[in-house]
Structure formats: structure tokens, C-alpha cells
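As C-alpha cells, the structure follows; a few thoughts come after it.
Per chain, numbering begins at 1; letters A, B, ... match sequence-line order. Computed from heavy atoms alone, side chains included, the values below leave out hydrogens, waters and symmetry copies. As the structure is a computational prediction, the values presented were derived from the model and not from experiment.
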Amino acid sequence: MAGICKMCDQTLGRYNKSGYCRKHLGTANAQNPEWREKHRAGVLRKIKYDPEYKAQLAERARRIGSDPSTRAKRSETFRKGRYWELGNAAQEKGSDARKRAGRSIRERRLSWCPPHLREEYMWLMRSQRVPAAEARVMIEEQNELELARWRRSIGYVEEQKPDLADQVMAEIETGEERDPFLRALSAAVIAFSVSVDDIFSEAREVALVRPRQALALVMRRHGKRTTSDIAAHLHRSDHTSAINWLKRGEEIERKDKEFASAVALVADAWNHEVGSMAA
DNA sequence: GACCAGGGTCATTAACCCTG
DNA sequence: CAGGGTTAATGACCCTGGTC
């Protein structure tokens, strides 16, 4: 049965089901959320299953976008409409959108860093002022240590590396004090009235932990050594020991003047300024 | 502190999608 | 085929977070 278009006086054909003439059908569809959703799904489907089409679309948009006259026109439109104000209003300071942007970039930049070590990486960067590249090496070393531990736990036998701490002991025994670490170690022995064995021992008495903290601080600051390296020099296999020495050492240094001056003495030795110490 | 990349805003462009 | 919607990238700008 023929009817009249809902939007104009146009007589409709006998098979018309929409109730709209050809001219107004598009407008009616555009106002129908269901139709729009269906249409949208169709476009997305095309893009999803036709990579060539998608690439075509992108290429075209790029081409148009990079045309100087189009760019100038868009800039003008944007400036005139002050559209950035809308963009900024939509994501105020501290908004979820901005945080999301921050998280996204963090995720991309820290993708190399195992999630459980990221806090430690940031601590090295911020509190310890370790340059990014160096902090990354330290974290990667730590990760490698953890992986090695895990490999051992499942029975995988690794090639043995020479023990750095053993090398240090050998140098002490032969009296060849070429290493700044050995000078600093000697200074720590004097400054804290302990023995080398005490420093290298497993004991956790405060009197023995202090020289380790002082040595760690000096190695970090003056030798730019990694925490793994510091730990190995002080007979520890895990670099987290060094991190703890550094953390606690800094705190104590701020509060305890006596400890601070002992650290300075060890630092002098490291830097070869042994004149004051020998006296 | 400077620099970079990403996220948010809307308009613009051409080609394609969908429906009857 | 008509007609509006959708897609892509891009423009300016600010803020966030990482890096130097």
C-alpha cells in the first residue's frame, strides 16, 4: 500500500517499508541509533577483514593531512575555534585521561624492566641519582641474578664465574693494594675498629654493618660501582644487600656525625688522599 | 629545566558502508 | 543510486611522566 514520506509530501512506492522517500531515508537512518550502530559495525568489519582497505584509508588520510594547503586550512580552523581548550577542559590536571597517558608512556619506556623491579629502578634514578643507562644495567644484572637462582632451583648447572670477593681477598693477602677498594677497606678497618674478616662475615651486628654501609656509600659515590659489584666486593651474592646498605647508610649519615666523618675518611682513602688518615 | 611522546578535544577530507 | 555515517591522519595546545 502506497503512503506518504514521514518527512515530506512525496508519495511512496507500493513496496516501501521504511516510510521515507529516497531523499529522506538517509536522514532518517542517521537519526536511528540502531541503524548507526549496525552501520558502524559494517565499516569496522570491512577495516578489520580488509587490511588493504585499512592501509588505503590511512594512506589517504596521511596524504590529505600532509598537503600544505589542507594543513594551513586546518590550523586556521583550529586556531579560530580554539579547539584545544575543549581538549584541555576534557582532561584537567590530574585527570584520569592524563594519568592514563602517563601510564601508557611509562609502560612503553619501562617495557624492558621486569614489573617487580620497577620500583627499585625508580629509587636508583631518583634517590640515588643513578643515570638511567647505569640504573638499567644494575636492574638487568639483578634480574639475571634472579633468573640464575631460578635456573639453579630447577637443577640447571651454570658455568662458574670467578668470585670477585675471592679476588679481593687474594689481593689483600699478597699486599698488592692497587685497587681503590682495598685502600677504602683499610680505612674502614681503622675508622670502625674492626677486622677485614668482620666486614666480610655474615654477622649483622651494628658495629659490623656500619663499615659495610660506609664502604657501599663510597663505592657508589666515588667509584660509580653497581650494587651488584658492591655486594660482590663485600662477600654478598645478592645486590639487594648493597641497596639496603646504601639506603640505611644515607639515613644514618644524616643523623650521626661520627658515622659521617668515618664515611668521609673512607672516601678520602678511596680517592687516594691518605695523608690525613696515616697521621 | 628542557625535551619528547602520548592522550584529550573537533573539523576536515575522500572513499566506502548500509539500506531501500 | 542517494544520502548520511564512519574511518583514517592531522592540525594546536596543555599536562603527565620519563630522561638527560
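One interatomic measurement links the two molecules: CH2 of A:W112 to P of C:dG18, which rounds to 12 Å at whole-angstrom precision. A:R103 has its CZ atom 12 Å from the P atom of B:dG7, to the nearest Å. Atom CD1 of A:I47 is separated from atom C1' of B:dA15 by 11 Å (rounded to the nearest Å). Counting to the nearest Å, the P atom of B:dA11 and the CH2 atom of A:W84 are 14 Å from each other. When the P atom of C:dG5 is taken as reference, atom CZ of A:R45 falls 19 Å away, rounded to whole Å. For A:E59 and B:dC16, the CD to C1' distance is 17 Å, given to the nearest whole Å. Note: NE2 (A:H24) to P (B:dC18) measures 24 Å, nearest angstrom. Atom CG of A:L57 is separated from atom P of C:dA8 by 7 Å (rounded to the nearest Å).
The side chain of A:R106 contributes an N or O atom lying less than 4.0 Å from OP1 or OP2 of C:dG18. Between A:Y121 and C:dT19, a side-chain N or O to OP1/OP2 separation shorter than 4.0 Å is present.
One finds the CH2 atom of A:W270 at 12.0 Å from the OG atom of A:S186 (value rounded to the nearest 0.5 Å). How far CH2 of A:W245 is from CE of A:M219: 9.5 Å, rounded to the nearest 0.5 Å.
Side chain of A:M122, nearest nucleotide from C:dG17, C:dG18, C:dG5: C:dG18. Candidate nucleotides C:dC13, C:dT19, C:dT6 were compared by shortest atom distance to the side chain of A:L110, and C:dT19 ranks first. Side-chain atoms of A:W35 lie closest to B:dT19 of the nucleotides C:dA9, B:dT19, C:dC13. Of the listed nucleotides (C:dG4, C:dG17, C:dT7), C:dG17 has the atom at the smallest distance from the side chain of A:K99. Relative to the side chain of A:A132, the nucleotides B:dG20, C:dT19, B:dC16 differ in distance, and C:dT19 lies closest. Among B:dC17, B:dT19, B:dC10, the nucleotide with an atom closest to any side-chain atom of A:F78 is B:dC10. Of the candidates C:dT7, B:dC10, C:dA9, the closest approach to any side-chain atom of A:A58 belongs to C:dA9.
A:H116 and A:E146 share a donor-acceptor pair across their side chains, judged by distance under 3.5 Å alone. Between the side chains of A:S201 and A:R212, a donor-acceptor pair is found at a separation under 3.5 Å.
Annotation: side chain of A:W112 is not in contact with side chain of A:N143 (no heavy-atom distance under 4.5 Å).
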